[in-house]
Amino acid sequence: MNIWQVAREYAHLAEAGGVKNVVCSLCEGLAKLNHMVTLFIPLYGCTDLSTVSDFVIHKDFSINISVADKNFDVCFATGKIGKISVVFVVSPCFTEKLGVYTYTAAEEEKNPQFVRGKGHIDAVEIEIMFQKTVVEYGKNAEQKPDVIHCHDATTALIPALANIPEKKEFLQSAKFIVTVHNAGPAYHHEIENIEKAHKLTSIPYDMLELGLVGEVVEPYLLASNFGKITTVSPWYAKEITDPENNDTQGLSKAFYEKNVQVIGITNGIDFEKYNPAYGEKSHLLFSYYPEKGDLEGKYKARELFFKQFDISSLSENKKLIEVDYTCISQYGYLEALDDRTVIFSYHGRLVHQKGLEVIEKAIPLCIKQNPNIRFVITGQGDVRLEEQQIKLANEFPGKVLYLKGYHRALARLCVAISDFIVLPSFFEPCGLEDFIASIVGTIPLAHKTGGLQKIVDKETGFLYSPNTHEELCKNILSLVDFKNNEKSAFISMIKNASNKVHFEYDWNNVIKNCYIPLYE
């Protein structure tokens, strides 16, 4: 089949959230099965072209795209990532951006209007321009796609745009799939009213009415009239079609009332990219084998990690672990551990959805009841949540380490040296961190919600509910006893979790068993 994948992000090329990994793995897996795969993505100022071969900007192939009162001059660039063809949408409105969705510190320094961590001022216009451009590309495409797979709300208008009467012939033979990676507040990119939606998109009013939820136009609901809607786990599919779900600003109720069938396919993972059996490939310090219960390399890495981030690291320029420390700001440190010390980590975006308020209230309770507990937090996001982690690191010296920022190898190491990863998300479409943790021999403790329910409670990890700091603390304290007093069960769970992820959720199996039948 000839399959187009359309996304705003892609692993190693332009990175933001978890969508990058899904799109990358889908493209690679489909190409491996000899399907023709083309990725459509903007060319940003932060795009890393190191994995792209045969990169060419085609200045002779340019078009003008209008969005409301703005006109955008757009051209295309092409390249290859292995067997995957890449079409870059090239326009100054993207190439001047140093972040995929939000402004960076460097941009804020140049212009105080561009606040670090905040969304782009022209986000709505450039998002619609990108989607219109993909449809226009179809007009001149030599080989028309069989399937166009659109990822996230940032591309969800494409099925409707391609069905505007005067554009319909561009991609007439294509079938459309739109994947909901997250339908939480601020993630489904609704347009505030039908008049504005018409002005921005040029989609006729009678079509836009199909996507109305109250006064707003919902891209996902609109897309459901022109293609299939999927999401990233069966549990989340059930949640976002539940009329009682209050986490989607009315979208779930609209799906329910219009009987929209959402297909839930649990994301896979590229096991070998994280497999600690191959230390260098997995970005870990030493090789070890969780599937066999061999954790020697994990504990050697832990020992070095504690030396790197002990109290002297606050005053000395220590570099025992080779990473780019300019990406990271360190707050707090770790006291030397003994055999009964148990380490809990959190890695991910610091945003409300991920339940940071729950963990920040649980940490003081846990440490006061058991001084052998250590917390390692790494990530960035909401400034208030960052400040709260800094405060905890200062309040509990030696017990809480907060590494603000992102560095792939260091983030992965923070999880790998831990005994447990804590995932207190209020809602979670699929979850990737529980997969990664399981592969590197770290047991997940997660709120029982959405895709985190792929964890088999007490077999491959632990689930808890309700999502309160008291309940989380209770579970953390019980896991300290579990690790220290039930060592054989602890090792057995590590083996079970790693094996289950390897053989049930490998992307090759997910693509063959779920996505190919769906495309067909």
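These numbers come from the heavy atoms of this one structure, side chains and all, not from hydrogens, waters or symmetry mates.
- In this structure, Ile417 CD1 and Leu285 CG are separated by 10.0 Å, a value rounded to the nearest 0.5 Å.
- Checking Tyr187 against Gln249 by side-chain atom types alone, no donor-acceptor pair falls below 3.5 Å.
- Shown here for Cys27 and Gln5, the closest heavy-atom pair between the two residues is SG-CG, 3.6 Å.
- The closest side-chain heavy-atom distance from Gln308 to Tyr325 is below 4.5 Å.
- The backbone N or O of Leu463 lies less than 3.5 Å from a partner atom in the side chain of Asp457, making a donor-acceptor pair.
- Cation-pi contact between Lys292 and Tyr289: present, with separation from the ring centre below 6.0 Å and deviation from the ring axis of at most 45°.
- For Lys512, the NZ atom sits in a loose shell: 12 or fewer heavy atoms of surrounding residues, nucleotides or ligands are nearer than 6.0 Å.
- With values rounded to the nearest 0.5 angstrom, Thr155 atom OG1 is found 8.5 Å from Glu127 atom CD.
- In this structure, the ring of His352 has its center less than 6.0 angstrom from the ring center of Phe426.
- The CE atom of Met1 sits 12.0 Å away from the CG atom of Asn34 when rounded to the nearest 0.5 Å.
- More than 12 heavy atoms of other shown residues, nucleotides or ligands fall within 6.0 angstrom of atom NZ in Lys20.
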Stepwise side-chain hydrogen bond (donor to acceptor under 3.5 Å, both in side chains) test for Asn182 and Glu428: CA-CA 8 Å; Asn182 193 329; Glu428 192 62 69; 6.0 Å; no

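- If you look at Phe88 and Phe55, their ring centroids are closer than 6.0 Å.
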Residue pair Asp419, Arg302: steps toward the salt bridge (charged side-chain N to carboxylate O under 4.0 Å, His left out) verdict: CA-CA 10 Å; Asp419 297 300; Arg302 175 183 294 182; 2.8 Å; yes

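- For Glu504, the CD atom counts as densely surrounded, since its 6.0 Å shell holds more than 12 non-hydrogen atoms of other residues, nucleotides or ligands.
- In this structure the side chain of His181 reaches within 4.5 angstrom of the side chain of Val22, judged on heavy atoms.
- The number of heavy atoms from other shown groups lying within 6.0 Å of NZ (Lys144) is above 12.
- No donor-acceptor pair closer than 3.5 Å links the side chain of Thr378 to the backbone N or O of Ala411.
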Asn496/Thr460 under side-chain hydrogen bond (donor to acceptor under 3.5 Å, both in side chains): CA gap, chis, key distance, verdict: CA-CA 6 Å; Asn496 288 344; Thr460 64; over 6 Å; no

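- Between Thr38 and Ser85, the side chains place no donor N or O within less than 3.5 Å of an acceptor N or O (distance only, hydrogens not considered).
- Counted within 6.0 Å of NZ on Lys80, heavy atoms from surrounding residues, nucleotides or ligands total more than 12; the atom is thus considered enclosed.
- The minimum heavy-atom distance linking Asn21 with Gly17 is given by the pair ND2-O, 4.4 Å.
- Under the 4.5 Å side-chain criterion, counting only non-hydrogen atoms from C-beta, Asn2 is not in contact with His35.
- A distance-only check finds a donor-acceptor pair linking the side chain of Asp382 to the backbone of Leu385 [under 3.5 Å].
- Formation of a donor-acceptor pair under 3.5 Å by the Tyr346 side chain with backbone atoms of Pro424 is not found in this model.
- For the 3.5 Å distance criterion, the side chains of Asp48 and Ser50 qualify, holding a donor opposite an acceptor.
- Judged purely by distance below 3.5 Å, without hydrogens or angles, the side chains of Lys298 and Thr442 pair a donor atom with an acceptor atom.
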side-chain hydrogen bond (donor to acceptor under 3.5 Å, both in side chains) assessment of Glu15 paired with Tyr406: CA-CA 11 Å; Glu15 301 197 336; Tyr406 178 74; 4.8 Å; no

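- For the pair Tyr220 (side chain) and Ala153 (backbone), a donor-acceptor distance under 3.5 Å is present.
- Between the OH atom of Tyr278 and the NZ atom of Lys273 there is a distance of 15.5 Å, given to the nearest 0.5 Å.
- Counting non-hydrogen atoms of neighbouring residues, nucleotides and ligands closer than 6.0 angstrom, the NZ atom of Lys258 exceeds 12 such neighbours.
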Stepwise ring-ring contact (aromatic ring centres under 6.0 Å, His included) test for Phe420 and Phe490: CA-CA 11 Å; Phe420 301 93; Phe490 176 73; 5.8 Å; yes

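- Side-chain contact between Asp434 and Ile421 is absent, with no heavy-atom pair separated by less than 4.5 Å.
- When ring centroids are compared, Phe61 and Phe76 come within the 6.0 Å threshold.
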Pair Thr179-His149, side-chain hydrogen bond (donor to acceptor under 3.5 Å, both in side chains): steps then yes or no: CA-CA 8 Å; Thr179 294; His149 192 158; 2.6 Å; yes

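- No side-chain donor from either of Glu136 and Thr133 sits under 3.5 Å from a side-chain acceptor of the other.
- Taking the six-membered ring where tryptophan is involved, the planes of Tyr103 and His120 are perpendicular, since the angle between them exceeds 60° and thus also 30°.
- To the nearest 0.5 Å, the span separating CG on Asn163 from CG on Asn225 amounts to 10.0 Å.
- Two residues are said to be in side-chain contact when any heavy atoms from C-beta on lie closer than 4.5 Å; Ile126 and Lys97 meet this criterion.
- Just one residue in the list Tyr274, Phe435, Phe271 forms a ring pair (Phe, Tyr, Trp, His ring centres under 6.0 Å) with Tyr505, and that residue is Phe435.
- Minimum heavy-atom separation, Asp73 to Ser91: O-OG, 3.6 Å.
- Residues Ile439 and His502 are not in side-chain contact: their nearest non-hydrogen atoms beyond the backbone lie 4.5 Å or more apart.
- Side-chain contact between Ile158 and Phe226: absent, with no pair of heavy atoms (C-beta onward) separated by less than 4.5 Å.
- Here the NE2 atom belonging to His283 is positioned 9.0 Å from the NE2 atom belonging to His407, to the nearest 0.5 angstrom.
- The shortest distance between side-chain heavy atoms of Val74 and Tyr137 does not fall below 4.5 Å.
- Side-chain contact check for Tyr101 and Glu9: at least one donor-acceptor pair (N or O, by modelled atom type) lies under 3.5 Å.
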